[in-house]
Amino acid sequence: MQPDIKHIPQHLGQYLYQQIDAPWLKAQLILDCENNNVLECKAYFIKADDETQHAIAVSENITALFKTLFDHAIKNEVEDWQRAIFTITRQGQFNLNFERDINDEEEVLTAGQSH
């Protein structure tokens, strides 16, 4: 059963939080889409003591939830958004950015929310 659309960011954040077993600063979940198809969904976190990215496995369920959120957020947009980036900090603050590639220049739409 899919959660209510307004609870999906909380589910994404909880998933990322539960996958990390080291002190960390922030985590990101990145969904790449093109022509309404998921090309890749990946995640990583940055440790508190270094700036390197550490991969997080992404389940099919999380990919499906993120795609649902992406589709809902862009359904009335005229832009062809190709990427969604969900970022969460250790303090629980999160935001959701949408990007599209235009001749190697990226445009970004930010939909931020803090909890």
Quiz item: Partners of D71 by side-chain contact (heavy atoms from CB on, under 4.5 Å), sequence neighbours excluded?
Solution: N36, K67

Taking C-beta and beyond as the side chain, do [X] and [Y] meet within less than 4.5 Å on heavy atoms?
X   : Y   : value
L29 : C41 : yes
I85 : L96 : no
F94 : T89 : no

Residue pair [X] / [Y]: nearest heavy atoms and the distance that separates them:
X   : Y   : answer
I8  : L65 : CG2-O, 3.7 Å
F70 : L31 : CB-CD2, 3.9 Å
I88 : G13 : CD1-CA, 3.7 Å
H72 : K75 : O-CG, 3.4 Å
F86 : P9  : CZ-O, 3.4 Å

For residues 48-55, which side-chain donor-acceptor pairs fall under 3.5 Å, sequence neighbours excluded?
unit_1	atom_1	unit_2	atom_2	d
D50	OD1	T52	N	3.3
D50	OD1	T52	OG1	3.2
D50	OD2	T52	OG1	3.1
T52	OG1	H54	NE2	3.0

How long is the span from the [atom1] atom in [X] to the [atom2] atom in [Y], to the nearest 0.5 Å?
X   : Y    : atom1 : atom2 : result
I74 : R100 : CD1   : CZ    : 11.5 Å
Q28 : N95  : CD    : CG    : 8.0 Å
Q93 : Q91  : CD    : CD    : 6.5 Å
D32 : R83  : CG    : CZ    : 4.5 Å
L69 : K6   : CG    : NZ    : 14.0 Å
K26 : I46  : NZ    : CD1   : 4.5 Å

Quiz prompt | Parallel, tilted or perpendicular: ring planes of W81 versus F98, cut at 30 and 60 degrees | solution = tilted

Please output the side-chain donor-acceptor pairs of residues 14-25 that fall under 3.5 Å, not counting sequence neighbours, one pair per line with the distance.
unit_1	atom_1	unit_2	atom_2	d
Y15	OH	A57	O	2.7
Y15	OH	S59	N	3.3

